[in-house]
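If you're wondering where the values come from, they're calculated on a predicted model, not measured in any experiment.
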Amino acid sequence: MEFGPFVKSILILDLEGKRVASKFYSDDWPTNEERRTFEKNVFSMTHMKNARTEAEVTIFKDEIVVYKFIEDLHFYVTGGEEENEVLLATVLEAVLGAIFIVLKKKVNKMEALTHLDLVLLCLDETIDGGIIVDTDAKSIARKATGVSLDPGAEELTIGEALKSARGQVMKALSGFI
């Protein structure tokens, strides 16, 4: 049983259609080979489009594909044909916004690969098992980095708590060295 909107995949591909990062939330592509074939097909269908200023929407087989290109990266969010393309576009914009924040406005393949952990955390903070959990870019970036973007916020995120704990452990260990 499926509840609410369901994202089937989020893909980040380079200019040649090769995977930079991806998350699949559907059993439609059970093997890595099937996933790569899907990525290649989606890329082949969209790479000649001009989706640099606004997100574009297309249908591939029975999938709604919302996509946008930034620098040398192609970002895709897919859902079933029954999903709302506006909601999928909102997810795409949230992911892009969060990645834009965590990569400090340097959204390109090199930065994405260098900070792949943060990129993947942005995906994880947006979608959990295919269910949309957050569409606020600042909130997603804050959760992914563990750094509050609101100077007045007093609540510790998990990342901030781990960072604080790590600092205390390192301080305690330095007394033994």
Residues [X] and [Y] bridged, charged N to O under 4.0 Å:
| X | Y | value |
| --- | --- | --- |
| Asp72 | Lys109 | no |
| Lys18 | Glu16 | yes |
| Glu56 | Lys49 | no |
| Glu93 | Lys68 | yes |

Derivation and outcome, salt bridge (Lys or Arg N to Asp or Glu O under 4.0 Å), residues Lys106 and Glu111: CA-CA 7 Å; Lys106 297 176 190 166; Glu111 287 295 316; 5.4 Å; no

Working to the nearest 0.5 Å, report the span between [atom1] of [X] and [atom2] of [Y].
| X | Y | atom1 | atom2 | result |
| --- | --- | --- | --- | --- |
| Asn108 | Thr114 | CG | OG1 | 8.0 Å |
| Glu85 | Thr90 | CD | OG1 | 10.5 Å |
| Thr46 | Asn41 | OG1 | CG | 10.5 Å |

Closest approach of [X] and [Y], non-hydrogen atoms and distance?
| X | Y | answer |
| --- | --- | --- |
| Ala21 | Val119 | CB-CG1, 4.5 Å |
| Tyr25 | Leu123 | OH-O, 4.1 Å |
| Glu63 | Asp28 | OE2-OD2, 3.5 Å |
| Val66 | Ala55 | CG1-CB, 4.0 Å |
| Leu103 | His115 | CD2-CB, 3.6 Å |
| Leu73 | Ala112 | CD1-CB, 4.0 Å |

Are more than 12 heavy atoms, taken from residues, nucleotides or ligands other than Asn32, located less than 6.0 Å from that residue's CG atom?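 Counting neighbours around CG of Asn32, more than 12 heavy atoms of other residues, nucleotides or ligands fall under 6.0 Å, so yes.
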
Linking Ile, Leu, Val, Met, Phe, Trp and Tyr by side-chain heavy atoms under 4.5 Å, what else ends up with Phe38?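 Listed partners: Leu11, Leu13, Phe24, Trp29, Val42, Phe43, Met45, Phe60, Val65, Tyr67, Phe69, Tyr76.
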
I would like to know whether Lys23 and Asp124 meet salt bridge (Lys or Arg N to Asp or Glu O under 4.0 Å); could you show each step before the answer? CA-CA 9 Å; Lys23 291 280 187 166; Asp124 290 342; 2.9 Å; yes

Cluster overlap [X] with [Y], hydrophobic side-chain contacts below 4.5 Å:
| X | Y | value |
| --- | --- | --- |
| Val91 | Ile64 | yes |
| Leu15 | Leu96 | no |
| Val95 | Ile127 | yes |

For residues 128-137, run the donor-acceptor check on the side chains, cut-off 3.5 Å, and write out each pair with its distance to 0.1 Å, sequence neighbours left out.
unit_1 : atom_1 : unit_2 : atom_2 : d
Asp134 : OD1    : Asp136 : N      : 2.9
Asp134 : OD2    : Ser139 : OG     : 2.6
Asp134 : OD2    : Lys143 : NZ     : 2.9
Asp136 : OD2    : Ser139 : N      : 2.9

side-chain contact (heavy atoms from CB on, under 4.5 Å) between Thr78 and Val7: does it pass, once the steps are laid out? CA-CA 6 Å; Thr78 70; Val7 172; 5.6 Å; no

